[in-house]
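Worksheet: one structure, shown below.
Whatever order the structure lists ligands and atoms in, that order sets their numbers, starting from 1. Numbers here simply count residues along the sequence, with the first being 1.
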Amino acid sequence: MNATKTIDTTGIDIEKIRADFPLLSRKVNGKPLVYFDNGATAQKPNRVIEALNHYYRFDNANIHRGVHTLSREITLAYENARNTVRKHLNAANPYEIVFTKGTTDSINLVASSFAKKYISRGDEVIVSVMEHHSNILPWQQVCEERGAILKAIPINEAGELVMEEYYRLLSPKTKIVAVAHVSNTLGTINPVKEIIAAAHAKNIPVLLDGAQAVPHIKVDVQELDCDFYCFSAHKVFGPTGVGILYGKEKWLNAMPPYQVGGGTIKTVSFEKTEYADLPLKFEAGTPDISGGIGLAAALDYVNEIGLDAITEYEHGLLQYATTEIKKLKDVKIIGTAKEKAGVLSFAVEGIHPFDIGTLLDQLGVAVRTGHHCTQPLVAFYCIPGTVRVSFAFYNTKEEINIFIEGLEKAIRMLK
Ligand code: PMP
């Protein structure tokens, strides 16, 4: 589509940016693609695609194992990628950055390993009603295994955490708090600093699920003072199959390995195994090497555009889309928190979200429909699901106009 610079007051050069993403010029059902499913996964800039290509053409070797040139070169590149992630999150040390398969894998790692050492019968774990299943099920499973209790912070109608209830839930039995930084269904930016401060006042660690935050806002793990932070590369313009767990050194050192095998050890004998130092203790087997390098390329790209500019630009898109959608009859926005990022979810009275999604697809508009892996949350709103529009910095106001026109048409047809 012909993107213009009309809404850009943030210094974002939208034409140049869109040209960096080859998939954005695709047609879908004969129409220019309007990609509004960035919350599920984001498109990749040439920079990332080329990094993956280059790795397999010129650099492929295994890391941390060989003395030969290729192995040494790629080990260095992989460790440089780790340091790029460290800088991006402002972590104190590169060894506090663990490469995983993604957010889900990172949370499973913490839940499983942390529980082994710190959670026993009668203990409590706190999550929230708005969590993605990936930040519920690992905790539910370890709680069941260990006889612990999973508690959920309630939300209000706007989709904000009820903080008084959270303060009430914190108790000497609470072993860990795990909440989303930004909700994937509502877009709510949670008051994570307050959440962390209240937990720390009782010596309780906090894990933040940053899957929907890292693509949209600056994250500084030292400023937040979170104990664990997780995100997925593919939602921040990097490859699928790779993600990050940040953990404070003191916790990662104290926790037992999650999966074990090659790469995680110092010495092995049948009598006794000594595990490696951080981060290798948590990185069993050959990792997604090109994925780590691709993630670093994505973060470099994002940082060249600048997260402040991205946040402001996307805020403009969200405000515009919110204003426009409010003009339509029978549309109810789900998630009206004061602080939001990147997501506009809605329900239309009497119409199933799938039907709207299917009709929009005919017009080339890709949105997500359903429960978005947050069934307890959609149950709270007593709806089958929502239609979710989720933005990236390559989206435009013109695309929002196409979507709104399409939505109007879909509602007319389905009513
Ligand atoms: N948490 C949140 C808030 C998410 O939005 C997602 C992805 N939709 C996940 C966790 C899981 O991420 P992944 O599938 O990349 O592991």
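- Taking every non-hydrogen atom of Ser232 and a distance limit under 4.0 Å, the qualifying atoms of ligand 1 come out as 12 (O), 13 (P), 15 (O), 16 (O).
- At a 4.0 Å cut-off, at least one heavy atom of His234 sits close enough to ligand 1 to count as contact.
- Taking any N or O of Thr104, backbone or side chain, at least one lies under 3.5 Å from an N or O belonging to ligand 1.
- A heavy-atom separation below 4.0 Å is not found between Lys101 and ligand 1.
- Of all the heavy atoms of Glu131, none lies under 4.0 Å from any atom of ligand 1, so neither backbone nor side chain is involved.
- Using a 4.0 Å cut-off between charged side-chain N and carboxylate O, Asp225 and Lys248 make a salt bridge.
- The protein non-hydrogen atom at the shortest distance from atom 5 (O) of ligand 1 is Gln212 NE2, 2.6 Å.
- Judged by distance alone, the side chain of Ser128 and the main-chain N or O of Met130 form a donor-acceptor pair under 3.5 Å.
- Close contacts between ligand 1 and Ser134 involve ligand atoms 10 (C), 11 (C) [criterion: under 4.0 Å to a heavy atom].
- Protein heavy atom in closest approach to atom 4 (C) of ligand 1: His132 CD2, 3.3 Å.
- The pair Glu157-Lys332 meets the salt-bridge criterion, since a charged nitrogen lies less than 4.0 angstrom from a carboxylate oxygen.
- With respect to the salt-bridge test (charged N to carboxylate O, under 4.0 angstrom), the residues Arg47 and Glu50 do not qualify.
- Residue Asp209 places a heavy atom less than 4.0 Å from ligand 1.
- Remark: Arg18 engages Glu399 in a salt bridge, criterion side-chain N to carboxylate O under 4.0 Å.
- Remark: Asp105 engages Thr100, Lys101, Tyr258 in a side chain to side chain contact (heavy atoms under 4.5 Å, CB included) (not counting sequence neighbours).
- Under the 3.5 Å distance criterion, the side-chain polar atoms of His372 are left unmatched by any main-chain donor or acceptor of Thr374.
- Of the heavy atoms in Ala180, none comes closer than 4.0 Å to ligand 1.
- Look at Asp37 and Arg368 and you find a salt bridge, because one of the NZ, NE, NH1 or NH2 atoms lies within 4.0 Å of a carboxylate O, short of that distance.
- Of the protein's non-hydrogen atoms, Lys235 NZ, 2.6 Å is the one closest to atom 7 (C) of ligand 1.
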